[in-house]
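Inspection log for the structure reproduced underneath, given as structure tokens.
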Number of protein chains: 2
Amino acid sequence: MTSTDPTSRPSVRPTRQRRAVAAALAGFDDFRSAQEIHDLISQQGESVGLATVYRTLATLADAGEVDMLRNEDGEAIWRSCSDTHHHHLVCRTCGATVEVEGPAVERWTSAIASEHGYGDISHTLEIFGTCPACR
Amino acid sequence: MTSTDPTSRPSVRPTRQRRAVAAALAGFDDFRSAQEIHDLISQQGESVGLATVYRTLATLADAGEVDMLRNEDGEAIWRSCSDTHHHHLVCRTCGATVEVEGPAVERWTSAIASEHGYGDISHTLEIFGTCPACR
DNA sequence: GCGAGTTTGACAATCGTTCTCAACCGCGGT
DNA sequence: ACCGCGGTTGAGAACGATTGTCAAACTCGC
Ligand SMILES: [Zn+2]
Ligand SMILES: [Zn+2]
Ligand SMILES: [Zn+2]
Ligand SMILES: [Zn+2]
């Protein structure tokens with residue numbers, strides 16, 4: 001985390017644990033908590049410490065390879081994602097998730113922001129509902 | 001919380017504690033954590049249990065009198081708000097908040113949802129940035 | 001095979017939030 | 001003013017997600 005020298009690489013090593021987390025992430029497409037992902041890894045026969053799962057997920061999130069958001073209880077939930085900016089339509093019951101894009105919304109948020117003189121903008125936007133299957 | 005009889009009122013009593021929380025909420029217009037609000041109440045000379053602060057905030061949030069959202073650490077933060085549906089433009093540095101409305105966004109979210117067959121929709125949308133004063 | 005720098009995991013420690021439950025209080029009826 | 005029935009409160013325990021600790025294990029380039 002403290003690589004001050006610009007020439008040095010963070011050097012993320014391909015360990016068994018990180019591979020296991022990646023494999024687990026590939027096994028579902030809804031959002032899951034770190035605990036659930038940890039359990040899934042166990043079910044897949046691997047053994048990875050919970051702390052390591054957290055660390056790996058955080059790293060992947062920084063790298064933009066997984067999305068992390070919070071459910072209504074404030075718990076962090078994760079899932080692998082595409083590398084373009086997008087938002088989510090999540091089923092409140094089964095977790096089924098759809099990635100959605102909204103150029104109009106993106107435009108709206110930056111317009112609102114500059115209109116009020118705010119800079120360095122970021123935003124969060126999630127849509128929750130009940131999917132067709134759960135109705 | 002369990003008023004099954006439609007004729008019975010929840011009957012929220014005007015206690016000293018609830019008045020203190022309301023007074024505290026009137027004293028700021030940015031988002032604050034329950035802890036901070038609790039401290040503020042103490043500074044105002046009142047004494048209210050932290051659990052009561054949480055309970056009161058939750059009640060007010062249910063009634064739509066305060067907004068509750070989560071900061072990047074997942075902590076719940078609150079502030080009094082207007083009674084119409086709106087979102088927030090929050091300064092990442094000082095917390096200065098602007099309530100914003102976006103009919104277009106509201107339309108977009110429901111359109112996206114029904115497009116994918118999702119019903120019973122709700123959504124979260126917050127914009128973070130740096131306010132004019134903090135630039 | 002070595003050594004420096006990473007990574008891991010078992011467990012403790014944080015910390016925000018909720019639960020417990022006996023004491024307390026507001027309110028409507030008398 | 002007095003009573004009694006809930007709603008309400010507070011101190012502290014309990015919870016649960018997340019992070020910190022640190023010695024042992026591991027990767028990788030040499
Ligand atoms: Zn569903
Ligand atoms: Zn966006
Ligand atoms: Zn500011
Ligand atoms: Zn909205």
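Just so we're on the same page: letters track the sequence lines, and every chain starts at 1.
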B:H85 and B:H123 aromatic ring geometry - parallel, tilted or perpendicular at 30°/60° bounds: perpendicular
Nearest whole angstrom, please: distance from the C1' of D:dT18 to the CD of A:E36. 15 Å
Nucleic acid contacts - residues 39-49 of chain A versus DNA chain C, non-hydrogen atoms under 4.0 Å: A:S47, A:V48, A:G49
Return the set of residues passing side-chain hydrogen bond (donor to acceptor under 3.5 Å, both in side chains) with B:E126 (not counting sequence neighbours), or none when no residue passes. B:H88
Once salt bridge (charged side-chain N to carboxylate O under 4.0 Å, His left out) is applied, do any residues pair with A:R79, and if so which ones, sequence neighbours excluded? A:E99
Could you pull out all donor-acceptor pairs under 3.5 Å where a side-chain atom in residues 111-120 of chain B meets a protein atom, sequence neighbours excluded?
| residue | atom | partner | partner atom | Å |
| --- | --- | --- | --- | --- |
| B:S114 | OG | B:S110 | O | 3.1 |
| B:S114 | OG | B:A111 | O | 3.1 |
| B:Y118 | OH | A:A96 | O | 3.0 |
| B:D120 | OD2 | A:R92 | NH1 | 3.2 |

Tell me every residue that passes salt bridge (charged side-chain N to carboxylate O under 4.0 Å, His left out) with A:D29, counting only those two or more places apart in sequence or in another chain. none
Any pair counted as salt bridge (charged side-chain N to carboxylate O under 4.0 Å, His left out), so long as it reaches residues 101-113 of chain B, sequence neighbours left out: none
Given C:dG9, is OP1 or OP2 found less than 4.0 Å from the side-chain N or O atoms of A:Q17? yes
Interatomic distance, B:M68 CE vs C:dG16 P [rounded to whole Å]: 15 Å
For nucleotides 17-30 of chain C, give me one character per nucleotide, 5' to 3': B if any protein heavy atom sits under 4.0 Å from the base, S if the only such contacts are to the sugar-phosphate, - if neither. BBBB----BBS---
Rounded to whole angstroms, how far apart are CG on B:D73 and C1' on D:dG20? 16 Å
Transitive ILVMFWY cluster of A:F31, excluding itself - 4.5 Å side-chain cut-off: A:L69, A:I77, A:V90, A:F128
Who passes side-chain hydrogen bond (donor to acceptor under 3.5 Å, both in side chains) against B:E65, sequence neighbours left out? none
Would you kindly give the CZ-to-P distance between A:R18 and C:dG9, to the nearest whole Å? 11 Å
What's the spacing between A:Y54 OH and A:W78 CH2 if we round to 0.5 Å? 8.0 Å
Sort and list the pairs that fulfil salt bridge (charged side-chain N to carboxylate O under 4.0 Å, His left out) and have at least one residue in residues 37-57 of chain B, not counting sequence neighbours. B:R16-B:E46
Whole-Å distance between C:dG16 C1' and A:E72 CD? 18 Å
Dot-bracket, DNA chain D: Watson-Crick or G-U, under 3.5 angstrom, [ ] crossing, | other strand? ||||||||||||||||||||||||||||||
Applying side chain to side chain contact (heavy atoms under 4.5 Å, CB included), can you list everything that pairs with B:D73, at least two apart in sequence or on another chain? B:N71, B:E75
